[in-house]
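Below: the structure, in structure tokens.
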Amino acid sequence: MCGCDTPQPTVVIEGAVYKHRSGKMYELLSESNKSVITTGWLPHCVTYKDLSSLEVYTRPRSEFIESFTLVSPPHSIACLYNYHLAFLHLEDTPELRKLYWASVGHTIFVDDIIQVPIVDDSKCPACTHLKALES
């Protein structure tokens, strides 16, 4: 462990923000070599991005867990949808919603009709976490 009082993560969450013991902030991008853990042939690794320089790094998952603490969980897809709408100056329409949710693999077919989840970003784990930190 890193020697600090903060509990270390035992699982890693793609899209979440982590703080290195140096104080720098990183976003976890992905995990790799999950299927070869039992053989020991390749180490289970994580890929993460420095949020200030945007440089991307890879290191064994076990080393990542020892050096990083979870700061913020990832944003919900509904929250990201609303962010992208605002960023691109678009208005929510049923057609755009279907395209977006289909692109992230979250569409449901009911009687051959595409159904998408209700866009409710009030339950976004990252936004809830940040609001709690602000108060």
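Treat the numbers as computed from the prediction; the structure is a model and nothing was measured.
One finds the NZ atom of Lys19 at 12.5 Å from the CG atom of Leu70 (value rounded to the nearest 0.5 Å). Rounded to the nearest 0.5 Å, atoms OH (Tyr18) and CD1 (Ile65) are 8.0 Å apart. Taken from OG1 in Thr93 to CG in Leu90, the straight-line distance is 8.5 Å, to the nearest 0.5 Å.
The nearest pair of heavy atoms linking Arg21 to Glu66 is NH1-O, 4.2 Å.
Residues Phe64 and Tyr48 have side chains in contact (heavy-atom distance under 4.5 Å, counting atoms from C-beta outward). The closest side-chain heavy-atom distance from Ser67 to Arg59 is below 4.5 Å. A 4.5 Å side-chain heavy-atom check between Leu28 and Val46 finds at least one atom pair inside the cut-off.
Under the side-chain contact (heavy atoms from CB on, under 4.5 Å) criterion, Leu29 pairs with Glu27, Thr47, Lys49, Val56, sequence neighbours left out. Applying the side-chain contact (heavy atoms from CB on, under 4.5 Å) test to Lys24 and every residue at least two apart in sequence or in another chain returns Ser22, Tyr26, Asp50, Ser52.
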